[in-house]
Amino acid sequence: MTATAEVRGRSRPRSSWRRRDAATGYLFVAPAVLGSVAFVMVPLIAVVWFSLHEWNVLAATFTFEGAANYERMLADPALRQSLIASAWFSAGILVLNISLALLLAVLLNQKLPGTTFFRVAFFSPVVVSLVAWTIVWGFLLQSDGGINALLASIGIDGPNWLRGSTTAMVSIVVVQVFKNVGLNMVLFLAALQGVPEEIQEAATLDGAGAWRRFRTITVPMISPTILLVSILTVVGSLETFALIDVMTQGGPGNSTTVLVYYLYRQAFQFNEFGYASAIAVLLFLIVLVLTLLQWQTRKRWVHHEN
Amino acid sequence: MVQRRSITTALTASFATVALAACNGSGTDVSEPDPDEPIDLRMTVWTADESQLALFDDIADAYIAENPDLVSSVTFESLPFDDYTTSLTTQLAGGNTPDLAWIFESTAPEFVGSGALADLRPALEESEGYEYEDLLPAALELWSQDDGLYAYPFSNSPFAVFVNTDRIDEAGLPDPQQLLADGEWTFDAMRELSAESADEIGGHGMEVRDFNYSIWENLAMVWGGWDAEAWTADGTECGFTQPEMVEAMSWLHEAIFVDGALPGPGSTPDFFGGDMTFSITQISRASALDGSFEWDLIPLPAGPAGQQNVIGQAGLGVLQNGQDPAVAADFLAYFTNPENAEALAAYFPPPRESLLDAAVLAEGNPMLSQEQLEAVVVGGIDGAITKPAHANFAQLQSTIRGELDSLWTAQADVDVVLADVCEAAQPLLED
């Protein structure tokens with residue numbers, strides 16, 4: 001009886017302590033949960049709701065149209081163009097950004113004098129204002145700008161970079177890559193420094209060359225970071241807006257009108273908020289599918305995944 | 001369950017904004033302001049000029065002193081010029097509707113036709129001492145529908161040509177003012193002087209300010225001389241394939257790519273920086289002149305179809321879904337009455353016939369002489385056209401810009417590009 005009472009006596013405070021602990025935990029996560037609900041879930045649901053309506057802000061009309069906006073999307077050639085532009089833009093960013101970031105990280109992972117300076121130099125664009133960065137590049141890429149002056153000094157007649165459909169796309173990809181490559185470089189650097197030296201040394205003793213060590217040891221060991229970087233880069237590229245708005249405004253023609261810029265045009269220039277909401281839902285689904293695809297394929301090539 | 005209820009509550013709050021925005025207050029009587037208590041008015045403007053805002057505040061303070069039972073404060077909210085309409089429509093979408101707003105002439109048909117604006121005519125006509133009949137009918141045209149007036153054209157700023165006379169003298173070229181006096185001030189003459197000045201002393205010849213190979217509607221200042229138009233007056237037929245437009249755009253293409261009279265696409269020279277001979281722009285830009293070079297201001301040149309004046313108009317309207325359109329309209333009537341219109345004329349040429357007088361305008365424009373104001377402003381408003389405007393303007397602007405991008409290359413076939421423009425624009429005109 002006494003023993004039981006003692007056990008009960010001990011269990012009561014512990015349970016109450018746990019409850020207090022749980023309450024404190026809930027209190028800590030509450031702002032984040034509330035924030036997510038208010039600023040992510042509610043807008044997300046609202047956008048889906050808006051996408052089922054024709055909403056003209058000036059005429060102050062908000063009419064339920066069912067799937068009309070989605071049917072319109074299927075028949076909209078400009079939307080198809082913007083999807084193609086988005087695909088080129090994202091593919092260009094993904095390939096260039098990851099390969100350049102990895103190359104820089106490998107180079108700057110060497111124990112050589114001056115590497116700290118170069119790490120700072122390549123990372124610094126990340127902290128520069130995107131609009132300022134874009135405006136400066138806009139001047140450099142003018143027909144009589146710095147890039148063409150540089151090319152002229154070696155006898156090359158440079159194109160009008162932002163006025164040709166191909167050169168404009170290449171230009172915005174390059175400008176975006178130089179802006180963000182430093183961030184990915186730092187992530188790769190951190191991953192490279194986590195690759196155990198002894199494995200590399202053992203492979204060297206077994207006669208493996210530098211390329212083989214990189215391909216069979218380094219890449220698999222940093223594959224979780226490659227997965228992370230590729231997901232972040234693809235999502236980031238699909239959301240790129242300010243760069244395009246400042247540099248090309250979607251032109252020439254519609255060659256650099258990526259999906260998010262097309263969405264902006266429909267909503268804020270043409271006042272087609274319902275249709276723009278449907279495009280936003282499409283963009284959300286594209287990001288979701290691409291992210292899930294990347295996540296699913298991790299089992300095949302990400303080394304540390306169980 | 002609790003969670004589901006919370007989400008429902010949050011959604012309801014979110015959708016309430018839309019419902020408010022969608023709630024059309026048509027039928028509000030704007031002629032009888034009678035609020036339960038004084039309200040705080042808000043007007044969106046695109047100017048951030050401190051002296052202009054100070055003048056607005058003075059007028060508002062005087063109104064509040066006379067009408068303390070109607071209005072307790074007036075806030076003039078400056079939105080960025082480049083994104084002005086976008087910012088305004090975003091406010092409307094969010095249910096944050098201003099009481100009054102400035103509106104570009106290009107979007108006038110869209111705002112007027114949509115029912116977003118209240119009819120001001122009763123309030124203006126019934127306002128004591130307003131002198132409604134003094135307003136120029138031609139200036140009101142763009143803002144009228146049936147018998148209603150949906151915005152007051154508070155600014156009627158003519159486009160004219162700024163001349164860097166230092167560059168003209170340095171290149172040893174004839175004085176444009178003399179050409180004007182001799183009846184030889186034509187677009188061809190301006191193009192020739194532009195190309196020669198650039199050849200002789202470097203720098204650049206001429207610009208259509210703010211065109212930047214993107215805002216094509218500013219080219220109306222040029223093609224007006226050919227009597228060309230982007231679309232017919234009723235807004236249903238594309239005008240880019242009309243012979244007048246083809247001729248005007250061919251002239252422009254040659255001026256850019258053959259003569260080098262205009263800097264090509266992708267470069268951003270600035271007349272006010274001093275390395276350009278001519279700039280076609282509005283007189284309000286005179287404030288950017290810093291005295292680093294001598295300049296003159298003359299009317300737009302004549303084209304093959306004669307001389308055509310073009311004005312940039314800005315309207316001031318009352319939003320139907322504002323707090324109390326009747327009070328806002330009463331304030332607008334006070335803001336634009338003859339006395340205040342005269343004060344505002346220092347910056348914004350008014351649509352009042354009695355105030356279109358060079359001596360009156362000169363009092364508020366110290367940088368411009370009475371002669372310049374007489375020739376450019378007083379003479380420039382008479383018979384002037386406005387830049388293209390359409391109920392579907394935003395879509396047309398964007399679509400035509402995209403098609404015209406092909407024109408701004410040296411090898412472009414003008415006829416083919418303009419045919420493409422009309423093919424893309426015609427469905428939007430019929431929409």
Side-chain angles (χ1 to χ4, degrees), chain A residues 33-34 37-39 41-50 53 55-63 77-78 81 138-139 141-145 148 158-165 167-168 245-246 248-255 257 262 264-274 276, chain B residues 3 6-7 10-11 13-15 17-26 83 85-94 97 107 110-117 212-214 263-269 319-321 391-395 397-399 401-406 408-410 420:
Chain A
V33 171
L34 285 175
V37 170
F39 300 113
M41 294 312 294
V42 170
L44 198 63
I45 295 165
V47 162
V48 175
W49 176 245
F50 295 157
H53 291 75
W55 179 10
N56 187 311
V57 173
L58 289 185
T61 53
F62 190 68
T63 319
Q81 273 185 5
F139 281 116
L141 290 164
Q142 283 182 176
S143 59
D144 52 359
N148 280 353
N160 198 345
W161 294 96
L162 298 176
R163 304 295 305 187
S165 53
T167 54
D245 191 43
V246 176
T248 64
Q249 283 147 19
N254 288 316
S255 60
T257 304
Y262 187 66
Y264 159 78
R265 253 190 203 161
Q266 289 294 337
F268 299 104
Q269 291 184 342
F270 304 163
N271 297 321
E272 298 264 14
F273 282 85
Chain B
Q3 212 172 19
S6 311
I7 291 170
L11 267 177
S14 169
F15 296 155
T17 307
V18 179
L20 278 173
C23 173
N24 192 334
S26 60
D83 300 316
T85 304
T86 301
S87 304
L88 177 60
T89 51
T90 306
Q91 291 196 359
L92 300 182
T97 307
T107 53
E110 197 172 2
F111 272 85
V112 171
S114 67
L117 303 171
N212 291 338
Y213 295 89
S214 172
S267 58
T268 52
L319 273 302
Q320 188 78 267
N321 287 336
N392 206 5
F393 184 77
Q395 295 231 32
Q397 207 289 335
S398 174
T399 304
R401 181 201 58 75
E403 295 297 331
L404 280 179
D405 276 342
S406 313
W408 313 129
T409 59
D420 289 344

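Chain A is the first sequence line, chain B the second, and so forth, proteins listed ahead of strands; every chain is numbered from 1.
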remark   = Which of B:T90, B:T107, B:T89 passes side-chain contact (heavy atoms from CB on, under 4.5 Å) with A:N271? It is B:T89
remark   = When the 4.5 angstrom heavy-atom criterion is applied to A:E272 and chain B, the contacting part is side chain
query = Could you walk me through whether B:Q395 and A:Q269 pass the side-chain contact (heavy atoms from CB on, under 4.5 Å) check?
reply = CA-CA 8 Å; B:Q395 295 231 32; A:Q269 291 184 342; over 6 Å; no
inquiry  = A side-chain contact here means heavy atoms from C-beta on lying under 4.5 Å apart; do A:Y264 and B:T86 qualify?
reply    = yes
inquiry  = Quick check: closest heavy atoms across B:G266 and A:Q142, and the distance to 0.1 Å?
reply    = O-CB, 2.8 Å
ask   = What part of B:T85 is in contact with chain A, defined as an atom under 4.5 angstrom from a non-hydrogen atom: side chain, backbone, both or neither?
value = neither
inquiry  = Could you measure the distance from the OH atom of B:Y213 to the CG atom of A:N160? Nearest 0.5 Å is fine.
reply    = 10.0 Å
note = Heavy-atom nearest pair, A:F270 first then B:A394, reads CE2-O, 3.3 Å
remark   = Taking every heavy atom of B:A93 against every heavy atom of A:W55, the minimum-distance pair comes out as O-CZ2, 3.5 Å
request  = Side chain from CB out, backbone as N, CA, C, O: work out which of these in B:Q397 comes under 4.5 Å of a heavy atom of chain A, or both, or neither.
outcome  = neither
task = Heavy-atom distances under 4.5 Å only: say whether A:F268 touches chain B with side chain, backbone, both or neither.
result = both
inquiry  = To the nearest 0.5 Å, what is the distance between CZ on A:R265 and OG1 on B:T399?
reply    = 8.0 Å
remark   = So, the part of B:S87 with a heavy atom under 4.5 Å from chain A: the answer is neither
ask   = Between OG1 of A:T248 and CG of B:D405, what distance do you get to the nearest 0.5 Å?
value = 9.5 Å
message = Under 4.5 Å from any heavy atom of chain B, what part of A:L58 do you find: side chain, backbone, both or neither?
response = both
